[in-house]
Structures are given as C-alpha cells and as structure tokens.
Chemist: 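I have a structure I would like to understand better, so I am pasting it below and will then ask my questions one at a time.
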Amino acid sequence: MPKTLIIILGPTGIGKTSLALQVAKHYSTEIISCDSRQIYREMRIGTAVPDQETLSQVKHHFIQTHSIHDYYNASKYELEVLQTLASLFETHEVAVMAGGSMMYIDAVCKGIDDLPDVDPEIRSSLIARINTEGIESLRMELRYLDPVYYSEVDLRNPKRILHALEICIMTGKPYSSFRTRRIKTRDFDIVKVGLNTERSILYSRIDQRVEEMFREGLAEEAKELYPFRNLNSLNTVGYKELFDFFEEKTSLEEAKEKIKTNSHKYARKQLTWFSGDSSINWFSPGMEREILKFLDEQLCVQD
RNA sequence: GGUGCCAUAGCUCAGUUGGUAGAGCAACGGACUGAAAAUCCGUGUGUCCCUGGUUCAAUUCCAGGUGGCACCA
C-alpha cells in the first residue's frame, strides 16, 4: 500500500501554515516545510516562521535547520526531503508538506537532474568577469561550449548563462548534456491542495501580516542581519528593502510599502507557476472541513 | 467674501502652438532544472472635473459652475 504525501501550497500569506497544522493533526503525522527562506535559522520574523505554539503541536522539518551562510539549493532539498520522508513513512501512512517555494515543490515531486555542486571559486570568478567584461563575454563562451543550450536559453537572463557556464567549465561537458529533464518517479502518492482567494483579499492579508512583522521587530531582526546583506539567502523580500533603509536610500515607511508590494509580486509569481500545474486541487481559506473530507476520500481511493 | 493657482491612469505628475494622451510607481500577464522570496521578459488599464461657447475639430482656447490649495480680508 503506497504512502501518501499531502502537499499544501499557495501564494504567500494565504494560510498554509494553519491548514497544514490541522491536516497533520488529523492524520497524526508531521510537517515538512517547503520554504526556501524559513529553512534559515537566522531569519524568523520576516520569513513568517510558525510560532512556538504551532511548532510545539506538530513536529516540523526544514524549519530553521540551515544557516544563511550555507550554500543551499533545490537539489539538496530534494535529497534531504526524500531521506526524511523515507524515515517518516516507516511509521506513518501520510506526511504533510507545506510551503510556497515552487521549484522546491517540483524538485520533490518530479526530481531534478543530477548536476555537480557549483564551485564557489568558479562562480565568483565568472561574476567578476561579468563586472569587468560584461555578460556578452559569457554569452560568447557559452555559445562555444554549449551551442545547444545557447540556442534555448533566455540570453537576457544572466543567472541562466552563468550557471550553464559554471557547469560547462566544471565538468568539461556541455550543460545541456545534463539536462535530461527526466521526471523521476516516487514510491509514494502525492495529493496537492492549493489555497487561493480573491486578489484583493490576498493582498490585504499580506499587508496585515507585514504590519504584524514590524510590530514583532522585523526592523531589528534585519538590522542584525545587515552585515550579511550580500549573501544570497538575504536577497529576500522583507530584508532587502530594509537594507535600503539602513543605507538611507529610503525612509522606513517607504521600505515597509516596498515590502508589501514586493510580497504582492511574489504571490503573483507563485500563482503563475502553480497555474501551470493541473494536478493541484484548489480551495479557499476557511474550507478546512471540505479539504479534510476531500483528503479522506483521496486517501481511501488510493488504498 | 476677494484674488491667484490647480483639476489628465489606482497614486504622483508630464503633455498636447486645437487633430481624443504618456512617464515613474502600483496593477496585470508570462518564462523559469542548483541563487528560485532569485533572475528575466511583456502589457496602458483613461468621460483628460462638469456645463455651455468659439471651431470642420476642444482634454487643450473662452465663460460659468464644482472641488482643492495658497494668499488677502
């Protein structure tokens, strides 16, 4: 009998945390967080880490388990989650995953290609080259080393070019030769529950949550992390806008407004991604009863 | 009460020597397999305050009204 992973997803601020808690309690199981920022232990307020009350009721995995100084990515997450699930499924029929990090969700559901970890020295030397010679220099090298990917990639997106070139240089083989894009099969079933609501309601929930974060001391938390502002992990909504305030590029009020609108944009981007996933079963916040009923039926059908 | 200035996109404002209009932000849409809360690409959504007048044609000029701001009483 296959085990089941229930995935609760949706845009930021929609209420995934509290739904996940209810679902996990309903099935007496544990929660795997799927959030590329809550994973860092140094950040709490701006990433909306669940409160102690919530964390004490159900065991959560991948919450504040890594450091902002660690190199982390979707592939590492895939690997670590599969290990966690394997041991969780030894004692549970069901596991709950909750979060909005689109690529991390897909990494767990479909897997991603095997690639070597990026060598930080190669990365920094290529970034230095972009700064001195411009992105065109890397484009030309990619065209030479991997003409296949060069013809597919968005040439205006520096990160794509950078990463492809990193892999070419590190392995001596074209990046495209690793891009099998094969969908990995899992030995557990997956049921996806999406939460979404009217846009104006979503935005006002987000805005209220930002106000709450400031009351809890977001500005102070960001101030402590300011020395690490150049780390990728701190290229994060809620922090980068406050770094601009600390550098006197904006007022505090402007930074707060920017956090709100950037969160709106992030929510939209999440919804764009999810709209391409036909396996998601959509519900509105407040439909906990219907969702639990739906899940019970799904688990029955799959047994 | 008087005088002056202003009224254009959701907001802040350009602009049209008269031929129905554009920037920034917001909003909206899309791409995306190792930095993904990242990165990249695309879209103007409008009774140009109202009512008359002049004119082939008024958002633009004129008059009156309404609202706002400033100053003088």
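The sequence lines fix the lettering, A, B, ..., with proteins before strands; numbering per chain opens at 1. In this text, all values refer to a predicted model and were calculated from it rather than measured experimentally.
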Chemist: Hey, is the main chain of A/G46 close enough, under 3.5 Å, to the side chain of A/Y239 for a donor-acceptor pair?
Modeler: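 At least one qualifying donor-acceptor pair exists.
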Chemist: Just how far, in rounded Å, is P of B/G34 from CZ of A/F178?
Modeler: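 In whole Å, B/G34 P and A/F178 CZ are 13 Å from each other.
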Chemist: Establish, with yes or no, whether the OP1 or OP2 oxygen of B/A27 is under 4.0 angstrom from a side-chain nitrogen or oxygen of A/R199.
Modeler: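 Answer is no, no contact under 4.0 Å.
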Chemist: Taking CD from A/E257 and P from B/A27, how many angstroms apart are they, rounded to a whole number?
Modeler: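 Checked: the CD to P distance equals 10 Å.
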Chemist: With rounding to whole Å, what would you report as the distance between B/C28 and B/A70 at their C1' atoms?
Modeler: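 So the two C1' atoms sit 39 Å from each other.
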Chemist: Heavy atoms from C-beta onward define the side chain here; which of B/A26, B/U33, B/G29 lies closest to that of A/M103?
Modeler: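 Nearest to the side-chain atoms of A/M103, counting from C-beta on, is B/U33.
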Chemist: Under 4.0 Å, heavy atoms only, any strand: does A/D114 hit a base, just the sugar-phosphate, or nothing?
Modeler: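 A/D114: base contact, heavy atoms under 4.0 Å.
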Chemist: For A/N262, report the nucleic acid contact type (base, sugar-phosphate, nothing); a contact means any heavy atom under 4.0 Å.
Modeler: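 If one applies the 4.0 Å heavy-atom cut-off, A/N262 turns out to touch nothing in the nucleic acid.
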Chemist: Kindly point out which of B/G34, B/A27, B/C41 is positioned nearest to the side chain of A/H163?
Modeler: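 Within the option list, the nearest is B/G34.
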Chemist: Both distances below 3.5 Å, Watson-Crick or wobble geometry, any strand: find the nucleotide opposite B/A58.
Modeler: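 Matched B/A58 with nothing under the 3.5 Å cut-off.
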Chemist: Can you tell which of B/A26, B/G34, B/C28 lies closest to the side chain of A/I112?
Modeler: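 That would be B/G34.
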Chemist: Taking any heavy-atom pair under 4.0 Å as a contact, classify A/R181: base, sugar-phosphate, or nothing.
Modeler: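 The answer is base, as A/R181 lies within the cut-off (heavy atoms under 4.0 Å) of a base atom.
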Chemist: Rounded to whole angstrom, note down the C1' distance from B/A27 over to B/A23.
Modeler: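 Looking at atom C1' only, B/A27 and B/A23 are 16 Å apart.
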Chemist: A/N73 side chain: which of B/A35, B/U33, B/C28 is closest?
Modeler: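 Of all the options, the side chain of A/N73 is nearest to B/A35.
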Chemist: Is A/K260 positioned over the aromatic face of A/Y203, cation under 6.0 angstrom from the ring centre and no more than 45 degrees off axis?
Modeler: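 No cation-pi geometry.
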Chemist: Given B/G29, B/A36, B/A35, which nucleotide is nearest the side-chain atoms of A/L162?
Modeler: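 Among the listed nucleotides, the one closest to the side chain of A/L162 is B/A35.
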Chemist: Ignoring the backbone of A/K258, work out which of B/C40, B/A36, B/C25 is nearest its side chain.
Modeler: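 Taking heavy atoms from C-beta onward, the closest nucleotide is B/C25.
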Chemist: Quick one: does A/L271's side chain get under 4.5 Å of A/R199's, heavy atoms only?
Modeler: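 A side-chain contact exists here, since the closest heavy-atom pair is under 4.5 Å.
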Chemist: For A/T261, report the nucleic acid contact type (base, sugar-phosphate, nothing); a contact means any heavy atom under 4.0 Å.
Modeler: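 Here A/T261 touches the backbone only, sparing every base.
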Chemist: Picking from B/G34, B/U33, B/A27, which would you name as closest to the side chain of A/Y203?
Modeler: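 Ranking B/G34, B/U33, B/A27 by closest atom to the A/Y203 side chain puts B/A27 first.
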Chemist: Separation of A/E166 atom CD from B/U33 atom P, in whole Å?
Modeler: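 For the pair A/E166 CD and B/U33 P, the rounded distance is 16 Å.
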Chemist: Suppose you measure atom P in B/G24 against the same atom in B/U66; what distance do you get, rounded to whole Å?
Modeler: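 Taking atom P in both B/G24 and B/U66, they lie 38 Å apart.
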Chemist: Figure out the CD1/P separation between A/I135 and B/C41, and round it to whole Å.
Modeler: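 Answer to the nearest Å: 12 Å.
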Chemist: Using the P atom on both, measure B/A63 against B/C6 and round to a whole Å.
Modeler: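 B/A63 and B/C6 have their P atoms separated by 13 Å.
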Chemist: Select one nucleotide: of B/A36, B/A31, B/A27, the one nearest the side-chain heavy atoms of A/K265.
Modeler: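 Between B/A36, B/A31, B/A27, the one nearest the side chain of A/K265 would be B/A27.
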Chemist: Rounding to the closest angstrom, what is the interatomic distance between B/C50 and B/U55 at atom P?
Modeler: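 Rounded to whole Å, the distance is 22 Å.
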Chemist: Across all strands shown, which nucleotide pairs with B/U51 by Watson-Crick or G-U wobble geometry, both distances under 3.5 Å?
Modeler: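 Here B/U51 is engaged in a pair, and the nucleotide opposite it is B/A63.
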Chemist: Expressed as a whole number of Å, how far does the P atom of B/G64 sit from that of B/U3?
Modeler: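 After rounding to an integer number of Å, I get 10 Å for this pair.
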Chemist: Could you state the atom-to-atom distance from OH of A/Y266 to P of B/C32 in whole Å?
Modeler: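 Spelled out: OH on A/Y266 to P on B/C32 is 18 Å.
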Chemist: Nearest to the side chain of A/K240 - B/C40, B/A36, B/U39?
Modeler: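 When the side chain of A/K240 is considered, B/U39 is the closest of B/C40, B/A36, B/U39.
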Chemist: Taking atom C1' in both B/A9 and B/A21, what distance in whole Å separates the two?
Modeler: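 After rounding to an integer number of Å, I get 10 Å for this pair.
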Chemist: Output yes when a side-chain donor or acceptor of A/D146 lies under 3.5 Å from a complementary backbone atom of A/S176, and no otherwise.
Modeler: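 Confirmed, A/D146 side chain pairs with A/S176 backbone.
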Chemist: When you get a sec, tell me which of B/C28, B/C32, B/C41 is the closest nucleotide to the side chain of A/R160?
Modeler: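 Looking only at side-chain atoms, A/R160 lies closest to B/C32.
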Chemist: With a 3.5 angstrom cut-off on both distances, give the Watson-Crick or G-U wobble partner of B/A70, or none if there isn't one.
Modeler: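 In the structure as shown, B/A70 has B/U3 as its Watson-Crick or wobble partner.
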Chemist: Which nucleotide, in any strand shown, forms a Watson-Crick or G-U wobble pair with B/G44, with both distances under 3.5 Å?
Modeler: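 None - no nucleotide pairs with B/G44, as no candidate has both distances under 3.5 Å.
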Chemist: Rounding to a whole Å, what distance do you find between A/R156:CZ and B/C40:P?
Modeler: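 Rounded to whole Å, this separation is 11 Å.
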Chemist: Mind checking the C1' distance from B/C56 to B/U12? Whole angstroms is fine.
Modeler: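 B/C56 and B/U12 have their C1' atoms separated by 37 Å.
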Chemist: Do A/H61 side-chain atoms and A/K59 backbone N/O form a donor-acceptor pair below 3.5 Å?
Modeler: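 Checked: no pair found.
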Chemist: Please find the pair of heavy atoms, one from A/A48 and one from A/M213, that lie closest to each other, and give the distance.
Modeler: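 Here A/A48 and A/M213 meet closest at CB-CE, 3.8 Å.
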Chemist: What does A/S233 touch in the nucleic acid at a heavy-atom separation under 4.0 angstrom: a base, only the sugar-phosphate, or nothing?
Modeler: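 It contacts nothing in the nucleic acid.
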Chemist: What's A/S75 touching, base or sugar-phosphate or nothing? Going by heavy atoms closer than 4.0 Å.
Modeler: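 The residue A/S75 makes base contact.
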Chemist: Using atom CG of A/L271 as one end and atom P of B/A31 as the other, report the distance to the nearest whole Å.
Modeler: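 After rounding, the reported distance stands at 13 Å.
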Chemist: Hunt down the Watson-Crick or G-U wobble partner of B/C11, both distances under 3.5 Å, from any strand shown, or write none.
Modeler: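 Partner of B/C11: B/G24.
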Chemist: Is there side-chain contact between A/F243 and A/L234, with at least one heavy-atom pair below 4.5 Å?
Modeler: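 Yes, side chains in contact.
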Chemist: What about the rings of A/Y27 and A/H92, do their centers lie closer together than 6.0 Å?
Modeler: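 Aromatic pair excluded; centres sit 6.0 Å or further apart.
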Chemist: Specify the separation, in whole Å, of atom CZ of A/R139 and atom C1' of B/C40.
Modeler: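 After rounding, the gap between these two atoms is 12 Å.
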